[in-house]
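Worksheet for the structure shown next.
Just so it is clear, the structure is predicted and the values come from calculations on it, not from any experiment. All residue numbers in this chain count up from 1 along the given sequence. All heavy atoms count here, side chains included; hydrogens, waters and symmetry mates do not.
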Amino acid sequence: ALRAGLVLIVLLSSWGLKGVIITEASLFALQTLFLIATFFIKVKKRKIKKATLKEYGFRKLARYAIYCFFQDIGDIFFDASTDIFVISYMGGNTPAGLYGMVASIGMMVYKWTPLHLMVDIIRPVFFRRYARLNTDQSLKEMFTSIVKAQLVLSMPMFFGFAILGNKFVTLFFPRYQGIYLLLVLFILFTVIRGIRTALELVIYAKQRVEIILESKIFSLYNLLADILYFSIWGLIGIVLATGTAELFRFIFLWFRSSRDVKLRLPLKAIFILLLDSVVMAALVFIFRDYATSYLNFFFLILGGAAIYFTLVYFISPFSEREKALRFLLPIPDESETDPAKIEVALLERIKELNCMYAMAILAERYSDSIEDFLRNLVSILPPSWQYPEITCARITFDGATYKSPQFRVSKWRQSSRILIYNEPMGEVEVFYLEERPPEDEGPFLKAVSYTHLRAHETSLHLVCRLLL
């Protein structure tokens, strides 16, 4: 409402489009000041020694809501309307109309990608699955699968437009013959946008919305690059400005989120999809000269799609689990239906509950000394792992180190950071002293030992906040 009111006042005055750009820049400056203020508040908050769980829950919710609200301000410069403002002011109505056509077609193509088509289904299922499993491994699995599903359509779309873009423009938009290269570049950057959207789902799940808000700093780069690049390369410069801003934003989100969860792009799957798309594009290129009518163009697209999906079927980037949609839907795994595996899982869960019960007793006994609490806690962690006789643990917290008996470092290790108000204060590490048969994550069980570590980590976070 504030933005709309200011823009309306400026447009009714004599400032025109120049005033709109100044207004948008001023709103962005307010967002930047908010980020700076948030930083100092976070630094000050680290000095707080007493906080109840109830207070922390309210603060966490309020902060999440504020971040979600203010991050929308940064989106104004990533919107095509900002590009059109700059083009209209610097180049007039004709180039603005051309770019508007390119942006409309590009967004129409993006809306056909799986992530956009099913976002209202994917988002709640994504968060519900993570809330149920509560493991970083589940986030990694869902992120990888969503990226594959996104690229399985967006990648051939890009190659298809690269090969048939001229024919498409000639047949459907003959008055806009100059938009072919702009259209291909725009669709290329929508591929990056799809991967970035999948990454943002992970960041939302980890409740690190401030990272997304901080990434909006590249909207300022987008605005300045629009002005600079348009004066040098014209409309190509506008597309490059918006596209590189999207790329830099994705890189920023990737590295900032790596502190919370180590994600990996499915490079093997990307290579397979790239290979399938290139083969499809090469075959379509041979027959592209026959696309002289709407009917021929349609059959050429249909033939290219048939070739591509045949290749994907025989050279598939998806695992059997992903083909069954197990990464997204609540379909039970074999480990959840096999009686022997269920018994093992239940025994491991009993170990976990015993450890958490002992942790609660220690927290009550040593409520006046977090050092004594951690010194005793480190000894009760090994018995809750799959092979307690060869397990040792180490806790590092606020510069101090606590080790279990017979501790030594080995190459078989699991670890997780201790976060106090989202600030790293230490680390919990578990080691196997001898080699054991390979499981889901080296010698560790993904569905059991990883859950232990995550549960202990979460409980330890809460206890440390209360004892500080």
Side-chain angles (χ1 to χ4, degrees), residues 32 34-48 51 56 59-61 63-64 66-68 70-71 74 126-127 130-131 133-144 146-147 192 195-218 246-267 394-401 413-430 441 444 446 450-465 468:
T32 304
F34 172 76
L35 284 174
I36 295 173
T38 302
F39 172 78
F40 283 108
I41 292 173
K42 183 181 291 187
V43 171
K44 183 179 179 181
K45 186 170 62 176
R46 288 192 62 183
K47 300 177 181 179
I48 298 176
Y56 175 70
R59 292 176 181 178
K60 189 175 184 180
L61 180 62
R63 183 185 63 183
Y64 188 89
I66 291 172
Y67 282 141
C68 288
F70 276 94
Q71 69 166 316
F126 186 96
F127 295 140
Y130 175 63
L133 299 178
N134 197 28
T135 65
D136 288 347
Q137 185 63 28
S138 64
L139 284 180
K140 296 175 185 179
E141 183 183 47
M142 290 188 291
F143 170 77
T144 299
I146 291 174
V147 168
I192 301 173
I195 303 175
R196 189 259 301 167
T197 303
L199 177 59
E200 287 183 347
L201 286 176
V202 176
I203 297 173
Y204 277 117
K206 298 295 288 186
Q207 300 181 23
R208 296 299 307 277
V209 192
E210 67 270 21
I211 297 177
I212 299 177
L213 178 60
E214 292 165 4
S215 73
K216 301 301 174 66
I217 191 68
F218 292 101
E246 188 71 64
L247 177 61
F248 295 155
R249 184 181 175 187
F250 168 74
I251 294 173
F252 174 83
L253 290 172
W254 182 270
F255 283 103
R256 284 286 281 114
S257 63
S258 64
R259 296 178 56 189
D260 299 282
V261 55
K262 300 290 185 182
L263 298 174
R264 289 185 180 181
L265 288 173
L267 297 180
R394 175 172 63 187
I395 298 176
T396 305
F397 183 79
D398 201 20
T401 301
R413 171 180 178 267
Q414 276 190 314
S415 67
S416 185
R417 293 182 303 163
I418 301 172
L419 302 178
I420 305 298
Y421 301 116
N422 279 330
E423 293 295 334
M425 295 290 289
E427 187 177 34
V428 181
E429 299 170 282
V430 175
E441 299 176 359
F444 298 99
K446 175 177 67 176
Y450 190 91
T451 304
H452 285 181
L453 186 62
R454 180 67 178 176
H456 298 156
E457 168 206 349
T458 304
S459 302
L460 190 56
H461 291 180
L462 298 178
V463 173
C464 288
R465 290 188 191 114
L468 279 176

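- Listed by chain and number, the residues in a side chain to side chain donor-acceptor pair (under 3.5 Å) with R394 are E429 (sequence neighbours excluded).
- Partners of S257 by side chain to side chain contact (heavy atoms under 4.5 Å, CB included), not counting sequence neighbours, listed by chain and number: L199, I203.
- Between F248 and F218, the ring planes lie tilted relative to each other; the angle falls in the 30° to 60° range.
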Legend entry - Chi angles and distances behind the side-chain contact (heavy atoms from CB on, under 4.5 Å) call for V428, F397: CA-CA 9 Å; V428 181; F397 183 79; over 6 Å; no
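- Residues I146 and F126 have side chains in contact (heavy-atom distance under 4.5 Å, counting atoms from C-beta outward).
- To the nearest 0.5 Å, the span separating CD1 on I418 from CG on D398 amounts to 10.0 Å.
- One distance of note links OG of S215 with CD of E246; it measures 9.0 Å at 0.5 Å rounding.
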Inset, instruction - Please test V202 against D260 for side-chain contact (heavy atoms from CB on, under 4.5 Å), starting from the C-alpha separation and ending with a verdict. - result: CA-CA 10 Å; V202 176; D260 299 282; over 6 Å; no
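- From I212, atom CD1 reaches atom CZ of R256 across 11.5 Å, with rounding to the nearest 0.5 Å.
- For the pair K206/L139, a side-chain contact is recorded, criterion being any heavy-atom separation below 4.5 Å from C-beta on.
- In this structure, L201 CG and R196 CZ are separated by 10.5 Å, a value rounded to the nearest 0.5 Å.
- Looking at F143 and V261, their side chains never come closer than 4.5 Å, going by heavy atoms from C-beta outward.
- Taking CD1 from I211 and CH2 from W254, the interatomic distance works out to 13.0 Å, rounded to the nearest 0.5 Å.
- The nearest pair of heavy atoms linking A205 to F127 is N-CE2, 3.7 Å.
- Note on K216 versus E214: no salt bridge recorded, every NZ/NE/NH1/NH2 to OD/OE distance being 4.0 Å or above.
- A heavy-atom distance below 4.5 Å is found between the side chains of R249 and E200.
- Between D136 and K262, none of the side-chain N atoms (NZ, or NE/NH1/NH2) sits under 4.0 Å from a carboxylate O, so this pair counts as no salt bridge.
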